Structures are given as C-alpha cells and as structure tokens.
Amino acid sequence: MSTEEQPDRTPEGAPRSLAEALRTRDDHSLSALLRTRPDLITPVPTDLTQLATRAGTRASVVRALERLDHFALQTAQALAVAPDPAPYDALLGLMAGDTPDEAVTTALPRALGTLREQALVWGPDDCLRLVRTARELLAPSPQHPSPTGLGPTVAEATAGMSPGRVQEILTTAGLPSTHDSVSAMASLSALFTDRARMTALLSAAPAESLDVLTRLVWGPPYGQVTAHPAPHLRWLLDRGLLLPTAPGTVVLPREVALHLRDGRAHRETEPLAPPMEAAATHRPQAVDAAAAGQAYTALMTVEELLKDWDEGGPAVLRAGGLSVRDLKRTAAALDVPEPVAAFWVELAYTAGLLASDGEADERYAATPAYDEWLELPTAERWTRLATAWLKATRTAGLVGGRDAKDRTLSALGPGLDRSAAPEVRYRVLALLAALPEGTSPTADSVLARLRWERPLRGSQSPQNPPTTQSAQNTPGAPGTWGAQRTQNTHIPADDLRSRLAQWVLSEAEMLGVTGRGALSSHGRALLGLPTGTTADKADLPAEPGDKLPAHHQHAPAAPLEPLSTAEQPAAALHAVRLLTPLLPEPLDHVLLQADLTAVAPGPLRRPLADTLDVLADVESKGGATVYRFTPASVRRALDAGRSASDLQAFLTAHSRTPVPQPLAYLIDDVARKHGHLRVGAASAYVRCDDDTILGEILADKRSAPLGLRRLAPTVLAAQTDPAALLEGLRSLGYAPAAESAEGDVLITRAHAHRTPPRTAPEPVPEGPPSPDDTLLTAALRAIRAGDRASTAPRKATAPAPGGSLPRTSSAETLATMQAAVLTGEALWIGYVNAEGSASQRVIAPIRVEGGFVTAYDHTADEVRTYPLHRVTGVAELADDAR
C-alpha cells in the first residue's frame, strides 16, 4: 500500500483538509499567503474552499516551489518521501539523520513555517501533510527521479509482484510467511526500518553486494541486471534489498536506502545560506566618487549615442530591431564593445528617449522626451536612467543569442523581455546593500547565494526534471534539481537567473549605481534605503576570498521590494541630493591652442558644447576633450548660418586664451571662399562671376564624373543632382554654396529628427503583481464573507438537484422574503447575476417591493438590492447560525 493510500490517521481535532486549515488562520496569516502567492486572488475566490482548490493546482504549486530557498525546498522534498501524514520528529530525522545537527534543528522550524505560510504544508506538528500536487511533483517515480535520489517504498515497488514471489522474499530474509501480500510487505518494511535487524542482515552480505548498494544509495536508485544475475546480485534480489521494476531493471527500496544513509533524505543539507566573500574593501567616499564618475560617463554616452542619430538613426529591420551591421557601427562610434553598445541602446529605449519614427521608411530617432531630458540637471538625468533600468524587463545581455525558434535576438527587437529581470536586479542590489559600506563581494559568492535562495528558478523546474541516468554509468550521481552549486564562472545557458545576476553586476557598475563593485550612497538612496558614510574606514583592499565578519556571513539580506509610485519621487530626490556634489560642474570656456585645437578641461555647458560640436570635430575624449578645427568643420558652421565674425566673436567670448592666428586665418579663408560658387537645380548647374574658376573646374580631370559642360561664360550645367554636385566640388577643394530658384544662398542649418511622442516600453510582469493593502483587505473580506455563506448551517430543505444552491419556486421565494422582513431573520439565497455567474449569499431582507428585495448582504457587508427573478431559491438558516 502506497503512502497516498494509507488509511486516514488524522488526530482528533486536527484539520482534515487544506480548506479547514485555512479557516483556522487569522487575517494576518491569510494576508501573508496572498502576498507571497498573488495568483491565488486573480480573480478573488468566492470562499476558502475555492482558495484551497486554487492553491493546490499544478501551475500555482510549481510557481510556489520555484520561490522557495534551498533548505525550504529540501524540507518539502523530505516530506514528499515521508509517510503521509508525517510527525515532526520523522521530518527532523529525514533532514538531520541519526546524528543530531544543531544547524538543521535550528533552521527546520523556519523552513517548515515558510511551507506552512505558503500553504504547501498544513496540519499540526504531529500530522504534517504536504499538498498533494507538491507530493506528486517531488515524490519518486520511474519517469521523474526524486531530488533526494530515493526510490519507491517497498509497498510501491512490489505492487505488481506475485504473492508467491513475495512469500519467497520473506522466507529468504528470515521472516515468517503471511496469509496475504499486504501483511507480507508490512513485515518486510518493518524489517528494513528496524536499524538493529537491518544491521544484522547486512552483516552477512557479500562484499560485492554491499558495493552495489553503496553505488545506488545516493541515487539514481535504478540499475540494470541481466536475465541471469551474478551471485552477489542474486543475494540482494532474494532478500528484497533490490526489487525488480521492469525486465532487466531493479530498484533500491526507499527504506533500505534510508538505513544506509543513516536516515538522511539528502546527502548534504544546507540550512544556512552560503557566506558572502569580500573581494575588496574601500572607503565609502572612494566608492561614491568612482560611481559618480561612471554615472557621468553613462550620461555622456547616451547623449553621444542619440546625437549620432540626431538626423535619423539606423533603419528598423522588417522583423523589428537593429541590424548587426548597425550595432557594429554604433559600437565603433561609441568606442565600446558591441554588447556594451547594445546595453546603452536598450537603456535609452527603456527610458523613453529613443524609438522608431513610424514613417514608411522606418528609422530609429530620439523622442521629444529626449529634448526635455537634456534640459534637466545632470543628477536628475541620471536618476531617470537608473530608475528605468531598475524596472526594465528588457534584457540587453540576450542580444546576439537565439530565441526558441533559433532566430537571432537583435537590439531593440522583440524577444528581449525577461519578467524575472527586475526581481533579480533588486535581489542582487539587496545583497550588496546588506554588506558593510564600501565592501564589494566576489561574483561567485553572489551567484552562489542567489542559487541557494531560488534553486529551482536558475535551472530546472519540477515540470521539467532531469532525465533518469543509469546507476551503473554514473554511480552515486545526485538526481537533484540544482542541489549542487557550481562555483565556476561558466554559467549554463538554461541558468537564466545567474546570467541575469552577472549582467546586473556589470550594468550597475557601468551605470554608476555601484563603484568599485560596492553599492554607492546614491544607489542606496535610489532604492529607498538609508544612507550614511563611515569616514574612518581604511581604503585598504582585502585579500580575494576573505570572509566577511561573522554576523554578515550567513545573514540574509532584507527583502527589497520595488518602491511604490508614491515613494519613487522622494527616493529619486534623495539620490539627486547625494549625487549632485560628486558630479563635475559644467564649464563655460575652452582653451584654444595654436595647432588648431581646443581643449575642454571638463564638461561644457550645453550652448557652448552644442556650438563647438558644429564648429569642430572631437579628436579625443577623457578627462579633457580635445576638439580640432578643420576647413570642413568651419564650413559646416558657415552652412549652419554662422558668419565669420560670429565665429570669431564666439571663440573670443568662450576661450581663456587668445584666438590663435592660424585659427583666425582658417575661419577667414573658408568664409571668403564660402558661397563664391553657386549650385542650383537644372539637373544641376554651377554659376560663378569669375569664368576663370569655371575653366579650372572643366580642365580638372577629377570633375569628369560630374558631367559638366559650359552653358555660358559664367554657368556650367551638370548631369548629377545638386547635393552630389556640392559634394563633388567640395572634394575638389572648392567651397560652393547651394542657392534657391530665386538665386538666394540656401543656409543648411543643423536640424534634429524626432519621432512623434512615444511612451517608454512597459515592463512585462512576472505573473500577477503583488497585491497592495487595499486589495488585500477587500479580498479577505470577500473571501471570509463568502465562506460564512457557504458554511452557514441551514434548515433542512429539499436537496437542490445538481448543485448546492437552494431551489424554490417564485411564490415560495417571495413568501419567505416577506416573512423575513417581518421577523428580521437572515436567509441563505442562491443568486445569478447578469453575466450568468452563480453565487450564494446570506442576506437580511429589509423590504420587498416592485420585484426587488433590498437587504443587508452579510457576504458583501453592505446593503444591496436584488431582482427577485434572479434569486434561484431561498432557505432559512439554522437557529445556531443566526
């Protein structure tokens, strides 16, 4: 008889179902359940019975198991192989074994409390029951090996065995024969669970037989045998220490394995979270300074990206996203690797600064929000980016990978949303926030802690357990789902949670949320955490692998939830106040040099920076930016409508050094030639008052591709369009200017292409959002009221055919309602609303008129009016229910 088929052993007064167990909970306990499992109130259940049913569905249980930490999951796995129900002492024995383990003994109540809070376990300590669906997911089966490595019980393994063979096993094992197989298996199970008798039995086993048991004891428990097994295998088969499950396959019974394991369900239990290891320790001021420098670099990178796309960025692929070639060009323009360029592109998109323009020839461009963002103070611009990053589900680290259909994932394209990203991001930052200020942990210790906290989220889930392996091929190989943590830096492709964590660590550093690997003060403020500095901490790096102080090694980080919409402005303002003093003050001057360069010793104010970007080319960046003046850059400024005198006055006003003579000559020389030649549309033409210049152009062999011919002494016609003609003449060393049909010079001013107003992409949530206090209060009131209505005692009435709603005739319903108005009694009614949904309610009728009844609805806790024709029936409550 399997454990699922055992007769009911529920103690007197203990709940007999999960619904009964939920009814014993107070509102605080139910609220905790609904917070941790928000899918249970989507939609709000009508009563506690429906809540319990929903809590036992496969999808909901899998989701709950995925949110358990390693030790809580090990506890659930142990309960899955324990008798049902199991006393607390039996569970403790499975977790700690025969030798007392203080750490396990101390941590087990917490793990059991977590399972109870999430409604995965119910019942008192002497009658613990794992929810049936969780047991089915975690219990051993031939198709899905147990995470514990245990096999089926003796009763389960011998379910199809002939009675004669069962009696032969009893006799060989030295047990008296019985009259039936059930009692025979009970006798054999009693032998295998008796430590003294099992020790005596195994003491007589051949050494080769014990070696077989040793290879199977930690799982997988299945092995292969031939039709004529060797004597040492036959010795085990004859005594039931190995039982056949299929032709050529044997299994080690659970009771035997537990004896060999000294009663432990797991090879190693991990009641404590892995310790965090310090990579280095710095003064908090040094961390904040490094983070502020990264924050400023992040802002400049985003500005440079969108400035490069100012007149229209790359084209949008037909399937959406950025092409590989355009991503390479963007990476080269930003002077960063392609994965880093993908991060900055995705960050700008997530913050709503970048979008597609929606035109027929669709291209990416900055949004109007980008112009508004540019006008904000520097620190505020950073908080906008960092806040968008914290909440984003789009994951730039996936760019270049493959989706489920083996298609390449492109930047700004579909398929990059991962709903777990915000939760992992907040969790990693919570771990950093729990460390002493200025301490940066090793990446491996962060990943190990995350794997312990969510062992099922990282790799395999109960819905897709690993395949069965042969015990002969992999002796002693564990059959667990992420029970063994890898400490190497290589992360499997299916371990999304660890990959996300690695990306968070690098992205937080690039964005300036962390500095030197430690969480910065403005990063803490942005998360809504208290901030402070410790000036007396030495700026001495710790040796790699150093453990943190004892009180920080295993201390779990406090849960860090995203701030509410109302809390975010205050947190952002606090971050701005902390970051502003750390950022460099924009300058209003440059240093002009005789080699036609200008040095900006720091960040420039926006009008100065924008004009200088047109007038000169950036030659190098770093602590100081070097601009170089060239004929092309000066001509660019003249094309934008500036005159030579304007440029001279601008440089004089914004330079701490005199304008060098070579630069003044360059501006005057380019301005003197600018517009001397005129290009217009015929196909195109060139006119000039000096026919000698036109003669030089015609004589130049390099002008042949332009197809020029003289129409008049001062006019040349071309076989190309005006834009190509302008570029061609400029490549020959001339400085032509475009003109209108009226003969006026056309000024080509710099312009920015903008998309129509666009909203930032919304994060893709991971399941239902966590309910707020208002929703929880309303849901609990509705569930409690519905449960009172469904469990209230009623007077005996004719049973309702096919359902539990009362069924009465219209006349009887009306008469009962009118009588209840006079007596003030409460009634139980069945009601069908306009959408056809049926419900049962407890009401106290106040008046009946015009085909409606007005009553105080105990279920909704308010006065309501119901049409009588929608009332299916009515019944009086029993006297003790009034």
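Note that the structure is predicted; figures quoted are calculated from it, not measured. Start at 1 with the first residue, then count along the sequence. Note that these values count all heavy atoms, side chains included, but never hydrogens, waters or copies made by symmetry.
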Enquirer: Any side-chain to backbone donor/acceptor pair from R394 onto D417? Under 3.5 Å, distance only.
Expert: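 No, because the side chain of R394 does not come within donor-acceptor range (under 3.5 Å) of the backbone of D417.
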Enquirer: Say whether, by atom type as modelled, one donor and one acceptor occur between the side chain of T105 and the main chain of D101 under 3.5 angstrom.
Expert: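 Checking the backbone N and O of D101 against the side chain of T105, a donor-acceptor pair under 3.5 Å is found.
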Enquirer: Working to the nearest 0.5 Å, report the span between CG of L112 and OH of Y88.
Expert: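 Here the interatomic distance stands at 6.5 Å.
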Enquirer: When you compare the side chains of S17 and R23, does any donor N or O come within less than 3.5 Å of an acceptor on the partner?
Expert: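 The answer is no; no qualifying pair exists.
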Enquirer: Evaluate the side-chain contact (heavy atoms from CB on, under 4.5 Å) criterion for residues V81 and S146: first the C-alpha distance (whole Å), next the side-chain angles of each, then the deciding distance (0.1 Å), finally the verdict.
Expert: CA-CA 9 Å; V81 296; S146 169; 4.1 Å; yes
Enquirer: For residues A448 and P274, report the shortest heavy-atom separation together with the two atoms involved.
Expert: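 That would be O-CG, 3.7 Å.
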Enquirer: Indicate the atoms forming the closest heavy-atom contact of A78 with A265, along with that distance.
Expert: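 For A78 and A265, the tightest heavy-atom pair comes out as CB-CB, 4.2 Å.
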Enquirer: Can E423 and R497 be counted as an ion pair, charged N to O under 4.0 angstrom?
Expert: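 Looking at E423 and R497, the cut-off is met.
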Enquirer: Going by an N to O cut-off under 4.0 Å, is there a salt bridge joining R427 and E453?
Expert: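 E453 and R427: salt-bridged.
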Enquirer: Does this structure show an ion pair linking D125 with R116, if we count only N-O contacts that are shorter than 4.0 Å?
Expert: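 R116 and D125: salt-bridged.
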Enquirer: Looking at L776, is its backbone amide N or carbonyl O close enough to the side chain of R781 to form a donor-acceptor pair, meaning the two atoms are under 3.5 Å apart?
Expert: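 Side chain of R781 to backbone of L776: no pair is present.
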Enquirer: Is any side-chain heavy atom of L527 closer than 4.5 Å to one of L519?
Expert: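 The answer is yes; the side chains approach within 4.5 Å.
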Enquirer: With a 4.0 Å cut-off on N to O distance, would you call R35 and D773 a salt bridge?
Expert: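 Here R35 pairs with D773 in a salt bridge, since their nearest N and O are under 4.0 Å apart.
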Enquirer: Between R784 and L48, is there a side-chain heavy-atom distance shorter than 4.5 Å?
Expert: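 Side-chain contact under 4.5 Å: yes.
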Enquirer: Do any N or O atoms from the side chain of T106 and from the backbone of A103 form a donor-acceptor pair under 3.5 angstrom?
Expert: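 Checking the backbone N and O of A103 against the side chain of T106, no donor-acceptor pair under 3.5 Å is found.
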Enquirer: Does the pair L115 and T75 meet the rule for a side-chain contact (heavy atoms from CB on, under 4.5 Å), with working shown?
Expert: CA-CA 9 Å; L115 296 175; T75 304; 3.8 Å; yes
Enquirer: Please walk me through it: do D98 and R264 pass salt bridge (Lys or Arg N to Asp or Glu O under 4.0 Å)?
Expert: CA-CA 8 Å; D98 296 340; R264 287 184 288 134; over 6 Å; no
Enquirer: Determine yes or no for a side-chain-to-main-chain donor-acceptor pair under 3.5 angstrom, with E156 supplying the side chain and T153 the backbone.
Expert: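 Yes; judged by distance alone, with no hydrogens or angles, the pair exists.
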Enquirer: Return the CZ to CG distance between R418 and L398, rounded to the nearest 0.5 Å.
Expert: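 These two atoms lie 4.5 Å from each other.
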Enquirer: So L34 and L51, do their side chains get closer than 4.5 Å, heavy atoms only?
Expert: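 They are in contact (side-chain heavy atoms under 4.5 Å apart), so the answer is yes.
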Enquirer: I'd like to check R425 versus W503 (side-chain heavy atoms, cut-off strictly below 4.5 Å). Are they in contact?
Expert: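 Counting from C-beta outward, R425 and W503 never come under 4.5 Å.
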Enquirer: Checking the side chain of E117 only, and the main-chain atoms of G113 only, is there a donor and an acceptor separated by less than 3.5 Å?
Expert: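 No, because the side chain of E117 does not come within donor-acceptor range (under 3.5 Å) of the backbone of G113.
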Enquirer: Looking only at heavy atoms, what is the nearest atom pair of T350 and A388, with distance?
Expert: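 Minimum heavy-atom contact is CG2-O, 3.6 Å.
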Enquirer: Indicate the atoms forming the closest heavy-atom contact of V504 with W389, along with that distance.
Expert: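 Minimum heavy-atom contact is O-CZ2, 4.1 Å.
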Enquirer: With no hydrogens and no angle check, is any side-chain donor or acceptor of S419 less than 3.5 Å from a backbone partner on V764?
Expert: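 A pair under 3.5 Å: no.
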Enquirer: Quick one: do R451 and D495 make a salt bridge, cutoff under 4.0 Å?
Expert: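 Between D495 and R451 there is a salt bridge, with a charged N closer than 4.0 Å to a carboxylate O.
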Enquirer: Roughly how far, to the nearest 0.5 Å, is the CD atom of Q77 from the CG atom of L150?
Expert: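 It is 10.5 Å, given to the nearest 0.5 Å.
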Enquirer: Would you call D69-R449 a salt bridge at under 4.0 Å N-O?
Expert: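 Answer for the salt bridge query: no.
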Enquirer: Looking at side-chain heavy atoms only, is the closest gap between L450 and S498 below 4.5 Å?
Expert: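 Side-chain contact under 4.5 Å: no.
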Enquirer: Is a side-chain donor or acceptor of R135 paired with a backbone partner of L79 at a separation under 3.5 angstrom?
Expert: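 Yes, because the side chain of R135 sits within donor-acceptor range (under 3.5 Å) of the backbone of L79.
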Enquirer: What's the separation between atom CZ in R524 and atom OG1 in T514, rounded to the nearest 0.5 Å?
Expert: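 That separation rounds to 11.5 Å.
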Enquirer: Measuring only between side-chain heavy atoms, which start at C-beta, is P85 closer than 4.5 Å to L128?
Expert: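 Of all side-chain heavy-atom pairs linking L128 with P85, none is under 4.5 Å.
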Enquirer: Taking only residues two or more places apart in sequence or in another chain, which ones pass salt bridge (Lys or Arg N to Asp or Glu O under 4.0 Å) with R54?
Expert: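 Partners of R54 by the salt bridge (Lys or Arg N to Asp or Glu O under 4.0 Å) criterion come out as none, since no residue qualifies.
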Enquirer: Measure from NZ or CZ of R841 to the centre of the six-membered ring of W828, then state whether that distance is under 6.0 Å and the direction lies within 45° of the axis.
Expert: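 Negative - R841 is either too far from the ring of W828 or too far off its axis.
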Enquirer: Can you see whether T442 engages S445 through a side-chain donor-acceptor pair at a distance of less than 3.5 angstrom?
Expert: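 On atom types as modelled, these side chains qualify, holding a pair under 3.5 Å.
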Enquirer: Measure the CH2-CG distance between W122 and L130 for me, rounded to the nearest 0.5 Å.
Expert: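 Nearest 0.5 Å value for the CH2-CG distance: 11.0 Å.
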Enquirer: Restricting to non-hydrogen atoms, name the atom on L431 and the atom on L435 that form the minimum distance, rounded to 0.1 Å.
Expert: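 Minimum heavy-atom contact is O-CG, 3.4 Å.
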Enquirer: Looking at A575 and H522, what are the two nearest heavy atoms and their distance?
Expert: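 That closest heavy-atom pairing would be CB-O, 3.6 Å.
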Enquirer: Would a distance-only check, ignoring hydrogens and angles, find a side-chain to backbone donor-acceptor pair under 3.5 Å from T42 to P38?
Expert: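 Side chain of T42 to backbone of P38, a donor-acceptor pair under 3.5 Å: yes, one is there.
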Enquirer: Run the numbers on D857 and V863 for side-chain contact (heavy atoms from CB on, under 4.5 Å), then give the verdict.
Expert: CA-CA 6 Å; D857 190 331; V863 175; over 6 Å; no
Enquirer: Taking the side chain as every heavy atom from C-beta outward, state whether L827 and V842 have any pair of such atoms under 4.5 Å apart.
Expert: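 Sidechains of V842 and L827: no contact.
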Enquirer: Is the side chain of T269 donor-acceptor paired with the backbone N or O of P271 at a distance under 3.5 Å, no angle test?
Expert: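 No, the answer is negative, given that no donor and acceptor are paired below the 3.5 Å cut-off.
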Enquirer: Any heavy-atom pair between the side chains of P422 and K391 that's under 4.5 Å?
Expert: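 Result no, sub-4.5 Å side-chain heavy-atom pair not found.
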Enquirer: Salt bridge between R58 and E136, side-chain N to carboxylate O under 4.0 Å?
Expert: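 Salt bridge absent between R58 and E136.
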Enquirer: Counting only heavy atoms not in R384, do more than 12 fall under 6.0 Å of its CZ?
Expert: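 Open.
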Enquirer: How long is the span from the CZ atom in R454 to the CG atom in L65, to the nearest 0.5 Å?
Expert: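 That separation rounds to 12.0 Å.
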Enquirer: Is a donor from one side chain sitting under 3.5 angstrom from an acceptor on the other, for T36 and Q118?
Expert: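 No, no side-chain donor-acceptor contact under 3.5 Å.
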Enquirer: As a quick check of understanding, evaluate side-chain contact (heavy atoms from CB on, under 4.5 Å) for L22 and L33, giving each step before the final call.
Expert: CA-CA 10 Å; L22 293 178; L33 168 63; 4.0 Å; yes
